[in-house]
Colleague: 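Here it is, the structure in full.
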There are 2 protein chains.
Amino acid sequence: MTGKPRTNNLVERVVTRLGADIRGGRLGPGARLPTEQDLTASMRVSRTVVREAVAALRADGLIVTRRGSGAYVADPAASPFRIAAPRAAALGEILDVMELRLAVEVEAAALAAERATRKQIAAIRTALRGIDRALRGGDGAVAEDFAFHCAIAEATGNRQFPRFLAFLGNHVIPRQSVRLSVDTPAERRTYLERIQHEHGRIVAGISAEDPAEARRAMHEHLTRSLERYRSLARRSVDD
Amino acid sequence: MTGKPRTNNLVERVVTRLGADIRGGRLGPGARLPTEQDLTASMRVSRTVVREAVAALRADGLIVTRRGSGAYVADPAASPFRIAAPRAAALGEILDVMELRLAVEVEAAALAAERATRKQIAAIRTALRGIDRALRGGDGAVAEDFAFHCAIAEATGNRQFPRFLAFLGNHVIPRQSVRLSVDTPAERRTYLERIQHEHGRIVAGISAEDPAEARRAMHEHLTRSLERYRSLARRSVDD
DNA sequence: CTAATAAAGTTGTCTGACAACTTCTTCGAC
DNA sequence: GTCGAAGAAGTTGTCAGACAACTTTATTAG
């Protein structure tokens, strides 16, 4: 099974080998990797190659290195999702990613309706009240809105959902999420109230353990949000 | 703005700098990076450091290197999504990721129903026939099944969907996807026929431009698939 | 037994060199 | 003048050795 190397690139070979050891579970989280010296000996390559391979694995979040100590397998929880941050942030690209987010969140709402514990539902309600409070304070409630969606993702019981959302929240929706394109205070107020109404409907669906309703509510909520972005995109492409 | 280095790690500094140039759009796709020699000079570090930084960026999919030619900014389309492949492949983790996949694919089906061009629908139909052909040949049709789902993702017109799927397809469903836990030929035949029937219903929904039906069909299809995995997981945790 | 010190081990960085490959330049044949 | 081949220059890939910075372990004095 050793076979001929498929690639001429030595670094890649080392990366493949070490990566397989880690992903395959032969090296568990926290385990210490062989020293660079051992690797140069066992794989018959120079230390340069080993170090570049280590640099690559570190970039992938698979390992961490500690000077004077060694290289260790990183905690899997630390880097589950890695989405290359949208580059040069073309607005169209962002919209595409948001659509993906919609897909995930809609299903998250349904799963939350099926599986949420009492505690998780309480957390969602708390997040909803947090938005209320921020709105009353005249704030945009961007962070609170995000926390609300995260609470729902948590309630799926599937850790991949909150991870996915956490990443997107940090990278694709950095500046604005709720407040947008609404100018007059009256308009703004109406707008925010409707958002909260939508949020309430989502929570109701989840609380009632009604996946279909939760799904529908979340879908409408995010579709409207996306539509607002889209119209904004058509009007002006500012930054 | 030069300031003191925030980190003692030289490699990280170079990675941050180059990464910012790329993500910030100062270096567009296909653009050639400065040579290693230039970088050692301009950043005042050894070639070792530069090379490790380059290795890291390459691991992140931001650049590609060509021996004798130089390093170039990678096409963003090539590596948008990077999900650390499920490590040590805990079956539960795989199920979680599959659930995420379900979320994405369900919405993909709906979007495809809304937006698919005639050509894209034809491609989906071709993929479906491809499964048929493979099944008649007594094959498991794993690759063909995956191609079918990819065709639907393509038909969303949103490039993020096929990318997401392409990644998951390569890393989380490597060995098996359709054939599973069915033993007797008769059982197997019935099972595969039902799968194809489900596929047909999805295609019908998309062709009819009926997002709701496409969504429903895809949801049922993947839910059943997931359920089979789940029961398999309960029974035996082999590898 | 404890704490300070020394020693060994490990990663981080630098330097120099050569091989392998690509790209550009030059020059000759036609 | 055009085309093609040979050569030169430039660039990445790999190797080797060395020292610095830091961590861990072992040793020793109290």
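Sequence lines set the chain letters: A, B, ... in the order given, protein chains first and strands last, and positions in each chain run from 1.
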Colleague: Please confirm whether the shortest side-chain N or O distance from A:Arg66 to OP1 or OP2 of D:dT23 is below 4.0 Å.
Modeller: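 For A:Arg66, the contact criterion (side-chain N or O under 4.0 Å from OP1 or OP2 of D:dT23) is not met.
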Colleague: Excluding sequence neighbours, so at least two apart, what forms salt bridge (charged side-chain N to carboxylate O under 4.0 Å, His left out) with B:Asp21?
Modeller: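 For B:Asp21 the salt bridge (charged side-chain N to carboxylate O under 4.0 Å, His left out) partners, ignoring immediate neighbours, are B:Arg26.
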Colleague: B:Asn9 side chain N/O closer than 4.0 Å to the phosphate oxygens (OP1, OP2) of C:dT11?
Modeller: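 No.
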Colleague: Looking at residues at least two apart in the chain, or sitting in another chain, which of them share a salt bridge (charged side-chain N to carboxylate O under 4.0 Å, His left out) with A:Arg17?
Modeller: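 Salt bridge (charged side-chain N to carboxylate O under 4.0 Å, His left out) check on A:Arg17 returns nothing, list empty.
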Colleague: Okay, side chain of A:Asn158, backbone of A:Gln160: is any donor-acceptor separation there less than 3.5 Å?
Modeller: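 Yes, because the side chain of A:Asn158 sits within donor-acceptor range (under 3.5 Å) of the backbone of A:Gln160.
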Colleague: Using the salt bridge (charged side-chain N to carboxylate O under 4.0 Å, His left out) criterion, which residues pair with B:Arg115? Sequence neighbours excluded.
Modeller: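 B:Arg115 satisfies salt bridge (charged side-chain N to carboxylate O under 4.0 Å, His left out) with A:Glu99 once adjacent residues are dropped.
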Colleague: With sequence neighbours excluded, tell me which residues meet side chain to side chain contact (heavy atoms under 4.5 Å, CB included) with A:Val11.
Modeller: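 Partners of A:Val11 by the side chain to side chain contact (heavy atoms under 4.5 Å, CB included) criterion, ordered by chain and then number, come out as A:Asn9, A:Val15, A:Val49, A:Glu52, A:Ala53, B:Arg58.
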Colleague: Apply salt bridge (charged side-chain N to carboxylate O under 4.0 Å, His left out) to B:Glu36 and list each qualifying residue two or more places apart in sequence or on a separate chain.
Modeller: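 Checked B:Glu36 against salt bridge (charged side-chain N to carboxylate O under 4.0 Å, His left out); matches are B:Arg47, B:Arg51.
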Colleague: Any side-chain N or O of B:Arg13 below 4.0 angstrom from OP1/OP2 of C:dG12?
Modeller: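 The answer is no; no side-chain N or O of B:Arg13 sits under 4.0 Å from OP1 or OP2.
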Colleague: Please give, in whole Å, the distance from D:dT11 C1' to B:Ile63 CD1?
Modeller: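 That distance rounds to 14 Å.
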Colleague: Can you name the residues that form a side chain to side chain contact (heavy atoms under 4.5 Å, CB included) with B:Ala116, not counting sequence neighbours?
Modeller: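 B:Ala116 satisfies side chain to side chain contact (heavy atoms under 4.5 Å, CB included) with B:Gln120, B:Ile121, B:Ala155, B:Ile206 only.
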Colleague: Using a heavy-atom cut-off of under 4.0 Å over every strand shown, decide if B:Val54 touches base, sugar-phosphate, or nothing.
Modeller: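 Result for B:Val54 = nothing.
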Colleague: For residues 116-125 of chain A, which residue pairs qualify under salt bridge (charged side-chain N to carboxylate O under 4.0 Å, His left out), counting only residues two or more places apart or in two chains?
Modeller: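 Output for this query is empty, none listed.
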Colleague: Rounding to a whole Å, what distance do you find between A:Arg58:CZ and C:dT11:P?
Modeller: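 Going from A:Arg58 (CZ) to C:dT11 (P), I get 11 Å.
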Colleague: Between C:dT13 atom P and A:Glu52 atom CD, what is the distance in whole Å?
Modeller: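 Atom CD in A:Glu52 sits about 14 Å away from atom P in C:dT13.
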Colleague: For B:Ser69 and for A:Arg51, find the nucleotide of DNA chain C with the closest heavy atom, then tell me which residue's nucleotide is more 5'.
Modeller: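 Taking each residue's closest nucleotide, the earlier one in sequence belongs to A:Arg51.
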Colleague: Would you list the protein and nucleotides 14-20 of chain C atom pairs, both N or O, that sit under 3.5 Å from each other?
Modeller:
residue : atom : partner : partner atom : Å
C:dC14  : OP2  : B:Ser46 : N            : 2.7
C:dC14  : OP2  : B:Ser46 : OG           : 2.9
C:dA17  : N6   : B:Arg47 : NH1          : 3.1
C:dA20  : O4'  : B:Arg67 : NH2          : 3.0

Colleague: Taking only heavy atoms on the protein side, list every residue of residues 31-42 of chain A lying under 4.0 Å from any atom of DNA chain C, sorted numerically.
Modeller: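 Within residues 31-42 of chain A, the residues near DNA chain C are A:Arg32, A:Thr35, A:Glu36.
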Colleague: Once the angle between the rings of B:His149 and B:His199 is folded into 0 to 90°, is it parallel (under 30°), tilted (30 to 60°) or perpendicular (over 60°)?
Modeller: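 The arrangement is perpendicular - the two ring planes meet at more than 60°.
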